[in-house]
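Residue numbering restarts at 1 for every chain, and letters A, B, ... go by the order of the sequence lines. Being a predicted model, the structure only gives us computed values, none of them experimental.
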Amino acid sequence: NAGVMQNPRHLVRRRGQEARLRCSPMKGHSHVYWYRQLPEEGLKFMVYLQKENIIDESGMPKERFSAEFPKEGPSILRIQQVVRGDSAAYFCASSPAISGGQDTFGSGTRLTVV
Amino acid sequence: EDQVTQSPEALRLQEGESSSLNCSYTVSGLRGLFWYRQDPGKGPEFLFTLYSAGEEKEKERLKATLTKKESFLHITAPKPEDSATYLCAVLGPFSGGGADGLTFGKGTHLIIQP
């Protein structure tokens, strides 16, 4: 049973381009969380999704960032018109239900904006 | 706003030298306090959940304790393979939209020298 799969592991984008980060949750998990880890900072919650629904996006920047978790396929975190400050590690976690924090994390996507 | 402060930021110990990591938190309506381990280039790996003051959990050389204001992660006779960053996180009360994400501290970077 594969864990939470994130791809790509590393992504380099030029300023102004779009970044798409993908997260396939563990088999049987229908809840997905995205976190961002900036250099020298702790993990920051961004968004919580269930299939076809955004449940809590209180941690998402108001502009340029969006997330989806379609009925079929992985969850996608999309960053439009990237800037250097978007460079960070982005982690996805999944759980089978409202797990209350005992989520399984992926290995992350490291985004570098040049 | 939920806050989590971890200390020390970094800790270097000799193999077999026991110590404790601290996690101070401020949250209204704690649903749970969590300890994770994070290795370089990896996502956080769940260790423990604590729900109420006085609770303790143990796993191999690790023991987590909880009071109303802080949690400790005690490491007894550590080995080099215990070297990692240890993250503390809290889950606050439910928001109107559903289960929120975790609020993480910045972590304690632990190095165990042979």
Side-chain angles (χ1 to χ4, degrees), chain A residues 2-10 21 23-26 30-51 53-60 67 69 77 88-110, chain B residues 1-7 9-10 21 23-25 27 29-52 55 57 59 64 66 71 84-109:
Chain A
V4 177
M5 303 301 292
Q6 290 190 249
N7 65 82
R9 289 297 308 276
H10 300 276
L21 288 61
C23 169
S24 296
M26 284 187 69
S30 59
H31 297 236
V32 166
Y33 303 78
W34 285 93
Y35 291 83
R36 176 166 66 173
Q37 190 171 39
L38 292 164
E40 307 304 321
E41 295 290 327
L43 283 153
K44 302 290 186 187
F45 167 74
M46 299 181 75
V47 62
Y48 162 44
L49 312 102
Q50 295 178 24
K51 286 282 188 182
N53 283 302
I54 297 174
I55 306 301
D56 181 356
E57 55 182 347
S58 59
M60 286 277 272
F69 189 16
L77 180 67
Y90 292 82
F91 291 95
C92 168
S94 73
S95 66
I98 297 177
S99 66
Q102 296 180 26
D103 307 319
T104 302
F105 280 79
S107 293
T109 293
R110 276 143 191 88
Chain B
E1 184 179 324
D2 301 344
Q3 289 190 330
V4 178
T5 303
Q6 292 188 247
S7 62
E9 289 185 12
L21 313 182
C23 170
S24 298
Y25 65 91
V27 61
L30 180 72
R31 276 189 284 155
L33 184 140
F34 307 86
W35 283 97
Y36 283 83
R37 169 189 171 132
Q38 186 174 24
D39 292 296
K42 301 282 186 66
E45 176 188 346
F46 171 75
L47 292 173
F48 302 110
T49 307
L50 300 166
Y51 295 104
S52 57
E55 190 174 359
K57 294 273 180 72
K59 180 180 179 180
L66 181 65
S71 176
T85 296
Y86 290 85
L87 303 173
C88 173
V90 297
L91 193 63
F94 279 105
S95 71
D100 297 331
L102 297 166
T103 298
F104 280 87
K106 293 183 180 182
T108 293
H109 182 49

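In this structure, B:Glu9 places its CD atom where only 12 or fewer heavy-atom neighbours from other residues, nucleotides or ligands lie under 6.0 Å away. Within 6.0 Å of the CE atom in A:Met60, the count of heavy atoms belonging to other residues, nucleotides or ligands exceeds 12.
How far CG of A:Asp103 is from CZ of B:Phe34: 8.0 Å, rounded to the nearest 0.5 Å. Note that the CZ atom of A:Phe105 and the OH atom of B:Tyr36 stand 5.0 Å from one another [nearest 0.5 Å].
If you measure heavy-atom distances from B:Gln6 to chain A, you find no contacts under 4.5 Å at all. In this structure, chain A has a heavy atom under 4.5 Å from the side chain of B:Leu87, while its backbone stays farther away.
What you find for A:Phe91 and B:Pro44 is that their closest heavy atoms are CD2-CD, 4.3 Å. A:Glu40 and B:Lys106 make their closest contact through O-CD, 3.9 Å (heavy atoms, listed as atom of the first residue, atom of the second, distance). Scanning both residues, B:Lys42 and A:Arg110, for their nearest heavy atoms gives N-NH2, 3.9 Å.
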